[in-house]
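Inspection log for the structure reproduced underneath, given as structure tokens.
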Amino acid sequence: MQGVTKRHYVIISKGDVFVLKPSENEKEIIIEHVAEILGGWRADRENLIPILQDVQDRLGYLPGVAMEKIATAMDIPAVDVFGLATFYNQFRLNPPGDHQFKVCMGTACYMVGGNIAMDSFKRRLSIGEGDTTPDRKFSLERVVCVGCCSIAPVVVVDDMIEGKVTPTRVDGILLAFEDKHQKKDDNKGNQGQEGV
Amino acid sequence: MSAIVIEGYYAGLKSKADHKLLPLKEKPVIWVGTATCGKAAGAIEVREAFKKEIKSRGLDAEVMEVGCMGHCYAEPLTVISKPGFPPLCYGHVDEGLVKRLVEDFLVNDDPCYEYAMVALEPNDIFPTLTDFPRGAYEEKIILEDCGFIDPEDIDHYIAREGYAALAKVLTMKPEEVLEEIKASNLRGRGGAGFPAGIKWEACRKSPGSEKYVIVNADEGDPGAFMDRSILESNPHLVIEGLIISAYTIGSSRGYFYVRSEYPQAIRRLETALEQAREKGLLGNSIMGSDFNFDIEIFRGSGAFVCGEGTALINSMEGKMGIPEHRPPRLAESGFRGKPTLLNNVKTFAYVPAIIRKGADWFKSTGTSKSPGTAVFSLVGKVGNSGLVEVPMGTTLRQLVYDVGEGIPGEKKFKAVQIGGPSGGCLPESALDVPIDFDSLHEAGAIMGSGGLVILDEDDCMVAIARYFLEFTQKESCGKCTFCRLGTKHMLDILTRITKGQEEDLASLDILRELAEDIEAGSLCNLGKTAPNPVLTTIRYFLDEYKEHIVNKRCPALMCTDLIAFYIAPEKCSKLCNACVGSCPTEAVYTREDGLKAINQDKCVKCNNCLKACPTEYSAVIKLSPPELVVEKEREQK
């Protein structure tokens with residue numbers, strides 16, 4: 001939780017939208033990246049969505065400072081940029097976790113328990129749809145049909161597709177990550193000691 | 001421009017492609033289907049395993065990536081063609097089978113027929129696709145080459161007569177091309193079935209020299225994936241169709257509007273466009289003619305409503321994807337205010353075949369009012385899930401029972417959901433409806449996106465109606481009050497019904513009234529069709545709604561708030577702990593007498609214990625309404 005707080009950003013009818021506030025250091029990096037991306041585009045309204053897509057591709061999400069910067073560069077009100085970012089499902093306002101879980105909620109998956117898989121992730125991670133855990137390790141999203149209906153219900157774990165996911169499989173997936181992180185932390189600790 | 005130049009140009013392309021592919025006929029070739037569905041099932045591992053095995057044995061064989069053959073139930077799929085044998089298709093391939101196939105088939109000439117699924121060419125040894133019910137019904141026009149050509153190599157497409165239609169078109173007058181398309185009576189495959197020829201003609205007649213052609217690949221239905229599959233498996237087919245349309249209406253710039261959720265389709269499309277430019281099929285003076293045209297890709301950002309033409313245009317112009325009043329039609333004022341032709345991926349994909357083989361050939365398939373074929377993604381409770389292409393006029397029963405091989409297990413068929421969020425649910429009695437634009441509309445459903453979900457007795461119709469309405473409610477852009485608030489109100493009622501909180505049967509009348517109002521008060525088809533899943537389920541499955549409201553019971557045992565899990569003591573074996581171990585919340589426990597029981601307060605109704613319980617006991621059962629559990633427990637004491 002160090003240094004990371006949840007700030008209430010704006011309320012829209014779909015519920016609360018909040019962002020994890022970037023630190024000053026992160027802000028500078030974000031602005032640098034955005035400036036670089038903006039350099040490659042004409043300041044034309046038609047290019048706004050591709051620019052937002054580029055920023056999200058690079059940073060993983062659309063930070064508030066980035067949207068403000070883009071609005072200034074394109075000479076349009078910031079609300080127009082924010083409007084697009086919240087209108088389209090692709091854009092996220094929260095930084096994604098190191099590992100992303102995308103639970104498929106397509107028709108075939110829903111009918112055989114996609115919502116049960118989603119509930120299991122929510123319960124285990126104690127976060128809601130579209131949120132990131134406070135330690136930024138995991139984020140949870142709902143996606144609509146990844147086209148693997150014959151192995152429903154499907155969860156996309158980072159880039160790997162897991163089929164026929166049950167709550168016990170959810171536990172297994174998370175356990176595997178915890179194991180990995182544990183080992184990494186142990187390794188780091190050992191190296192540190194050797195260094196001393 | 002003289003026809004000789006163009007014909008010569010094409011002959012050059014064709015002979016080069018044929019020449020390049022010649023060596024492939026002389027050595028064993030392994031085709032691995034690596035569309036998104038194949039990849040999910042492990043096609044990449046299979047491809048690597050083949051490469052490794054072949055390399056370690058020093059064999060002269062080629063491993064190629066192809067798209068999707070449509071047999072999703074058997075992914076990962078592999079086709080092996082070895083001179084002297086018919087090309088054989090193997091399903092459910094894993095690394096063990098790879099080793100076996102390389103060893104036995106490639107090295108020793110034993111094709112392992114016991115693992116083969118089907119042969120792809122007529123032969124005396126092994127059955128081909130047409131020997132199965134599915135193959136007998138299927139008639140492929142746009143999926144013909146999907147899964148049989150390398151989508152990342154334009155020469156594969158050219159070798160199969162690709163771009164021959166374009167070469168033919170360039171020697172014709174645009175009016176003649178238009179007449180051919182009009183004569184074919186090709187109807188738009190985006191869902192509404194508007195005749196493509198009329199759209200093209202309106203666009204051609206619109207004044208102005210700057211015109212645009214756009215492929216609508218914003219496939220938003222959460223259960224349909226044929227557009228993605230076509231773009232991933234045979235992108236040049238759509239590109240060729242688009243170039244032909246541009247030549248016909250007089251446009252010099254085209255766009256692909258593709259969902260960004262389809263990264264692989266976008267990647268393969270980019271490669272395809274690049275290769276088409278290199279071959280002189282895009283850019284200035286195409287095939288040596290005086291026709292100039294180029295294509296760009298626009299990545300859509302994920303909004304269901306952007307499948308609607310005016311919303312799509314707004315989105316391309318950098319605005320929110322909100323539909324506009326029509327007229328003016330897109331043919332008069334579309335992208336950047338210029339005449340614009342917008343058709344679905346599949347519509348464009350039919351064009352090359354129609355030009356090559358003629359309108360009469362196209363009309364010989366399907367029905368008189370809906371000629372050609374229909375492409376469906378068959379999913380849900382069906383044996384052979386996947387992509388199918390059948391002639392229009394095939395009945396739903398043939399599609400479900402013959403092509404799809406019916407319901408797996410010994411479950412009973414309940415309904416088929418057709419057309420996605422804008423479509424409807426049709427029951428057993430409607431199964432003999434022929435599939436074409438008009439018949440489906442009469443039955444209360446629509447052709448729509450081509451998503452076809454088969455539901456069995458375990459699926460609750462109220463829950464599925466609620467699922468689709470939740471989807472459209474979330475995706476409503478908010479412009480029209482009825483769509484924005486009406487769907488919300490309907491969703492609230494349905495949610496209360498599935499939770500057993502709705503007391504009054506009059507709520508069903510409110511649902512019907514709201515549905516009418518939303519239909520009348522919405523600008524675009526998202527709103528107009530949003531109530532369809534609810535209306536059709538009320539029309540055909542009224543009893544299920546009543547059970548939910550009156551008896552607080554879910555007959556399909558699906559709505560989690562209306563069911564409880566219970567372990568029948570007379571069936572439970574004391575010696576087995578499967579259910580206890582499977583429970584994610586430790587709700588299942590062992591009683592003092594050794595039998596298992598469920599703590600209802602802890603139970604999250606995840607279905608795990610039911611699945612874990614060995615079939616010889618089948619002791620875990622679902623009860624609805626949940627109060628039955630208390631009764632059962634009381635009886636026991």
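A, B, ... follow the sequence lines: proteins, then strands. Residue 1 opens every chain. Just so it is clear, the structure is predicted and the values come from calculations on it, not from any experiment.
At most 12 heavy atoms of other shown residues, nucleotides or ligands fall within 6.0 angstrom of atom CG in A:Asn25. Heavy atoms from other residues, nucleotides or ligands lying under 6.0 Å from CG of A:Asp57 number more than 12. More than 12 heavy atoms of other shown residues, nucleotides or ligands fall within 6.0 angstrom of atom NZ in B:Lys39. Summarising the local packing, CD of B:Glu296 is surrounded by more than 12 heavy atoms from other residues, nucleotides or ligands at distances under 6.0 Å.
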Checklist entry - Given A:Thr166 and B:Asn607, is the side-chain contact (heavy atoms from CB on, under 4.5 Å) satisfied, shown in steps? => result CA-CA 9 Å; A:Thr166 59; B:Asn607 226 15; over 6 Å; no
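Considering every non-hydrogen atom in both B:Ala303 and A:Tyr88, the closest pair reads CB-CD2, 3.8 Å.
Atom-to-atom distance recorded for A:Thr107:OG1 and B:Ile454:CD1 is 12.0 Å, nearest 0.5 angstrom. Rounded to the nearest 0.5 Å, atoms CZ (B:Arg299) and CD1 (A:Ile49) are 11.0 Å apart.
Across B:Asp221, B:Asp459, B:Thr36, the residue that shares the most heavy-atom pairs under 4.5 angstrom with chain A is B:Asp459. Of the listed residues (B:Ala224, B:Cys583, B:Gly223), the one with the most heavy-atom contacts under 4.5 Å to chain A is B:Gly223. Taking chain B as the reference chain and counting heavy-atom pairs below 4.5 Å, the highest number among A:Leu48, A:Val112, A:Leu84 is found for A:Leu84. With chain B as partner, the option from A:Arg123, A:Met160, A:Gln56 having the largest number of non-hydrogen pairs under 4.5 angstrom is A:Arg123. Residue with the most contacts toward chain A among B:Ser377, B:Ala40, B:Ser385: B:Ala40 (heavy-atom pairs, distance under 4.5 Å). Ranked by heavy-atom pairs under 4.5 Å with chain A, the first of B:Pro584, B:Cys72, B:Cys606 is B:Cys606.
Contacts of B:Arg228 with chain A are made by side-chain atoms alone, with heavy-atom separations under 4.5 Å and no backbone atom involved. Proximity to chain A involves both the backbone and the side chain of B:Met320, based on heavy atoms less than 4.5 angstrom apart. Proximity to chain A (any heavy atom under 4.5 Å) is shown, for B:Ala463, by both the backbone and the side chain. For B:Leu455, the part sitting under 4.5 Å from any heavy atom of chain A is the side chain, from C-beta outward, and nothing else. For chain A, the nearby parts of B:Ser301 are the backbone and the side chain; heavy atoms of each come within less than 4.5 Å. Both the backbone and the side chain of A:Ile161 come within contact range of chain B, with heavy atoms under 4.5 Å apart. Contact of B:Asn608 with chain A is made through the side chain alone, with heavy-atom distances under 4.5 Å. When heavy atoms are compared at a cutoff of 4.5 Å, B:Cys306 approaches chain A solely by way of its side chain, counted from C-beta outward. With a threshold of 4.5 angstrom between heavy atoms, B:Thr585 approaches chain A through side-chain atoms but not through N, CA, C or O. At a 4.5 Å heavy-atom cutoff, the contact between A:Pro167 and chain B is made by backbone and side-chain atoms alike. In this structure, the portion of A:Arg142 lying under 4.5 Å from any heavy atom of chain B is its side chain and not its backbone. Heavy atoms closer than 4.5 Å to chain A are found in the side chain of B:Val305, but not in its backbone. B:Lys319 touches chain A through backbone and side chain together, each having a heavy atom under 4.5 Å away.
The closest side-chain heavy-atom distance from B:Glu261 to A:Lys102 is not below 4.5 Å. Taking the side chain as every heavy atom from C-beta outward, A:Asn89 and B:Lys474 never approach each other to under 4.5 Å. Contact annotation: the side chain of B:Phe298 never approaches that of A:Glu46 to less than 4.5 Å [non-hydrogen atoms, C-beta and beyond].
Of the possible polar contacts, none joining the A:Gln90 side chain to the B:Ser260 backbone as a donor-acceptor pair under 3.5 Å is found. B:Tyr467 contributes no side-chain N or O that, together with a main-chain N or O of A:Met111, makes up a donor-acceptor pair within less than 3.5 Å.
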